[in-house]
Every structure is written in C-alpha cells, then in structure tokens.
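Below is one structure, written out as structure tokens; the observations come after it.
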2 protein chains.
Amino acid sequence: MSPLGAPEPTVGRIALYLRCLRACQREGLQTISSYGIEQRTGISSGQVRKDLSYFGEFGKPGRGYDVSALLDRLARIMHLHVPHRVIIVGAGHLGTALAGYAGFAESRFEVAALFDNDPAKIGKQARGLEIMDVASLNEHKERLGARFGIIATPAASAQQVADLMVQAGINAILNFTPVRLRVPEGVVARNVDVAHELEVLSYFASE
Amino acid sequence: MSPLGAPEPTVGRIALYLRCLRACQREGLQTISSYGIEQRTGISSGQVRKDLSYFGEFGKPGRGYDVSALLDRLARIMHLHVPHRVIIVGAGHLGTALAGYAGFAESRFEVAALFDNDPAKIGKQARGLEIMDVASLNEHKERLGARFGIIATPAASAQQVADLMVQAGINAILNFTPVRLRVPEGVVARNVDVAHELEVLSYFASE
DNA sequence: TAGATTGTTAATCGATTAACAATC
DNA sequence: TAGATTGTTAATCGATTAACAATC
C-alpha cells in the first residue's frame, strides 16, 4: 500500500533488480521469473517477490515478469526513469575521479559541475568540466538544476559544503568524508566511508 | 563468549566507537560513559553497552570506561592495533585517488603498492608510488606482505584481479566495481558501489 | 553512603524465510 | 489440463530497545 513503507534493505535490493533487468534487456530476454532473478543476483526468489510486493503486483503466476515492464515500473519507483544532474564539491583526486566515473551513466546520473574553493584550481578544467568556485554555487543553481550533490572535500569542510548544497536546492547528498552531516527535513544524506569499509574487513579477515 | 558471534552491525559500530575513542584521547579525556559515546556518535547508550558485551566487560559501574584501555581492547578486537599494508590494483583516477587518501592513516592502513596492466602507466609514479605491472603481483607478494587489496579497475577485470590477489595472499578485498566477487573460503570481500548509493538516495530523496 | 553507570535479561520490533492457495 | 510461478500469510530468525539488579 504505502510505497514509503518499504524497508531500506528492500530499496537497496530493488536497485539491484533494476540492474539485473537492464542486463536481461540487453540480452533480449522478454520475461524473467523470480527464480531467474535469484540465479543472477543471489537474492532468493522469495525475497524478490516479497520486495516487489511492497510496491504492487508486477508478475503473472506461471509466467513470471515482463522484463521491460518491470524495468520501467521499478525505475519509476526509484525515480530513476529520468536523468539526474549531480554536482561534485571538491576537485581533488577523489572528486575528479568521480567526475569522470562511467558507472553513473547506466542510472542516468550526469555530473553537471565540479566545484572547489582553491583559487589555484578554479577556472581550470578537469574531466571536461570547468572547476568553479564553491562560493558561487548558489548563483549557478537554476542553470544546473541539480538535486544530487557529492562531497569530496576534506572532512573539515563537509558540513559547511552540505549547508551550501542545501541552500542551492540539493536534496540528496553523498558524503565521502567520515563526518555525520546534519541536514534539514526533506534532505537525505548517505556516507561512503572507505576507511570504515577497510576496518570492517579487518575484523572479518582471517587471522 | 564467542567473539565471532557478534552481528555485523555490531562490528560496524565498534569501528565507530574506536574512532570516537581516538577523538576522546586526542582531547585528553580519561574516561567516558556509554552515554558519552551516545552523545558523540548518535548510537544509544544501551546499544553501545550491548555491542561491547559481545566481546567482554570493559567498564566499571558508576565510572564508565577508561578511554585508553577501551581503545586498546577494541583496536585488538578489530585487528587494528597493528599496521596493515594495502595494495591497489587499477591506477586510473580512482585508484590513484585512493592511493593518496589521508583517511587511511588513522586506522594504520598503508598503501604499499599500486598496480595496473597498462604499459603506458607501468613504471610511472603516482602519489609517490611506482605503478607496477599487475602481472608481477605474485613476485612482489613476500616483499609487500599485504593482506588487503583494493580493486579500482574496470568491472570487466574485477574477478580476474580478485583471483590474482587471492593467489598473492590477499585475504581482504575492497571492490569498487559493481561485480559480485567469487572468493574462496577464508577471503572476505566487500563492495563500495557509488552508483548504487546514488540510486538508493534517489528513492529516499523527496519528490 | 548516594548517585552513576555497568552488564544482562526480557520484551519488542522488524526483516527474512518457508509454505501454499490462487492463477496464468 | 498440468506445470510453473505468483503474491501473501504465517513462522522464524535476528537485532534493537527497555528495564533493572549489581556494583563501583
């Protein structure tokens, strides 16, 4: 009933089904069963059906799911049926690496601009984008029309950058610093913390 | 009792407590309570005590925890009391960004070497490291003594690189491609999938 | 001692898995 | 029709939260 009632793990898996369905479509597959999805993703067929059930009924008993139709429906549910512009703040090594990351394209994320606060970088080009002054972020917001922001600055600037992003109409922030961001209602933030991932690996690594 | 019985979410939080404790130590704090940890991390005091209880008894009722002692114990539990050498395969923008990432130092991760398969890159320097031929990974394994590997190659090479890493004695792999790696018993792999993070953000972003 | 805070137990919550009637 | 596969319900599992006796 309430699509907003889906648990977060379900949402994460829906994104994986979407990927799986794109691959199926490239292979020319018309139809796939929940068991077919299990084989390709490792997620059990029961889990697949349960996850989909949060959002509606998409399949036909005895037949499975129409690949294109399910792809389309899931893309809409995830808001991934339209392209999204992303801005990146922090034009260091990480920020410029992300600016050119090819993996965004499949989900229709387009890096619209790259910002920094270093006068030595501002005005230069990186990955085909001009590096702009982060202080001018607000002036560019209408032209850019970006709702996604990536923070690839030093940790010390993260909260300040997040505040600027929120001011500029960004309502989804991916933060590569380990800082826990404070964001207002209506804005979501997630962290990607590489050191943390290594730390968890360290625990589970044998010896 | 069995330290291996701790749930994964607990392990993730222990890594956060460790960070918190390092900050406390830098501030010269002698002692901290579970409620103090709650204030600094946002994780409830009850959850903190529950998490710690999987590994032993570390505090004194009425007093709290000795910062240095707990830091030391948790670091050992996470195997983060000794330095770890990390190799990176893929000397593109992302790999070189990670090679110079300052955030690793606090947890004593040291990037020991950077590999690629591109003859145009092999022999060049990046972030103070010589880029070496990934085909020679095995020959360097004793000298490097690395147990952690980061995959920052195109997705198409990820599994092959993982296999090489396993051969070279790596038993913890952090994979930046979206490929689900097949690794033998005794080797752990985790993925960092930036596009996936944006996709999940897309669902939760308003509108 | 009185107050603070631990470690742990029991209660709750939420997510996953198993199972199956409905149906294409 | 018979076989396949869905959507859903009930059972299980696991993690979080609440509560409190023990104790510094």
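These figures come from a predicted structure and were not determined experimentally. Lettering follows sequence order; numbering is per chain, from 1.
One interatomic measurement links the two molecules: CZ of Phe55(A) to C1' of dT6(D), which rounds to 18 Å at whole-angstrom precision. With rounding to whole Å, Glu57(A) atom CD is found 11 Å from dT9(D) atom P. If you measure from atom CD1 of Ile43(A) to atom P of dA18(C), you get 16 Å, rounded to the nearest angstrom. The nearest whole Å value for the distance from the CG atom in Asp51(A) to the P atom in dG14(C) is 17 Å. If you take CD1 of Ile37(B) and P of dG7(C), they are 10 Å apart, rounded to a whole angstrom. Separating the CD atom of Gln47(A) from the P atom of dT12(D) is a distance of 18 Å, rounded to the nearest angstrom. The separation between Asp66(B) atom CG and dC24(D) atom P is 16 Å, rounded to whole Å. Note: NZ (Lys50(A)) to P (dT12(D)) measures 16 Å, nearest angstrom.
Put simply, the side chain of Leu71(B) reaches to within 4.5 Å of the side chain of Leu18(B), judged on heavy atoms.
Screening Leu198(B), Asp193(B), Val192(B) for a side chain to side chain contact (heavy atoms under 4.5 Å, CB included) with Val192(A), the sole residue that qualifies is Val192(B).
At a threshold of 4.0 angstrom between heavy atoms, the contacts of Arg49(B) include nucleobase atoms, whether or not backbone atoms are also involved. When heavy atoms are screened at a 4.0 angstrom cut-off, Thr10(A) is found touching no nucleic acid atom at all. Looking at heavy-atom distances under 4.0 Å, Tyr35(A) makes no contact with the nucleic acid at all. Nucleic acid contact class of Gly46(A) (heavy atoms, under 4.0 Å, all strands): none. The residue Ser45(B) sits apart from the nucleic acid: no heavy atom pair falls under 4.0 Å. Residue Tyr65(A) is classed as a sugar-phosphate contact, given heavy-atom separations below 4.0 Å to backbone atoms only.
Place Glu8(A) and Pro61(A) on DNA chain C by their nearest nucleotides, and Glu8(A) ends up nearer the 5' end.
Taking the six-membered ring for Trp and thresholds of 30 and 60 degrees, Tyr203(B) and His79(A) have nearly parallel ring planes, at less than 30 degrees apart.
Residue Arg63(A) places none of its side-chain N or O atoms closer than 4.0 Å to OP1 or OP2 of dT23(C). Contact annotation: Ser34(A) does not reach the phosphate of dT5(D) (side-chain N/O to OP1 or OP2, under 4.0 Å).
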Intermediate values then yes/no, side chain to side chain contact (heavy atoms under 4.5 Å, CB included), Ser107(A) and Arg22(A): CA-CA 10 Å; Ser107(A) 317; Arg22(A) 288 193 202 105; 4.2 Å; yes
Derivation of the side chain to side chain contact (heavy atoms under 4.5 Å, CB included) call for Leu164(A) and Asn138(A): CA-CA 8 Å; Leu164(A) 285 171; Asn138(A) 240 315; 5.5 Å; no
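Between the side chains of Arg49(B) and Ser34(B), at least one donor N or O lies within less than 3.5 Å of an accepting N or O.
Stem analysis of DNA chain D (at least three stacked-register Watson-Crick or G-U pairs, each with both distances under 3.5 Å) gives C:3-24 with D:3-24.
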Just list the side-chain donor-acceptor pairs under 3.5 Å for residues 154-161 of chain A, sequence neighbours left out, or say none.
unit_1: Gln159(A); atom_1: OE1; unit_2: Arg182(A); atom_2: N; d: 2.9
unit_1: Gln159(A); atom_1: NE2; unit_2: Asp163(A); atom_2: OD1; d: 2.9
unit_1: Gln159(A); atom_1: NE2; unit_2: Arg182(A); atom_2: O; d: 3.0

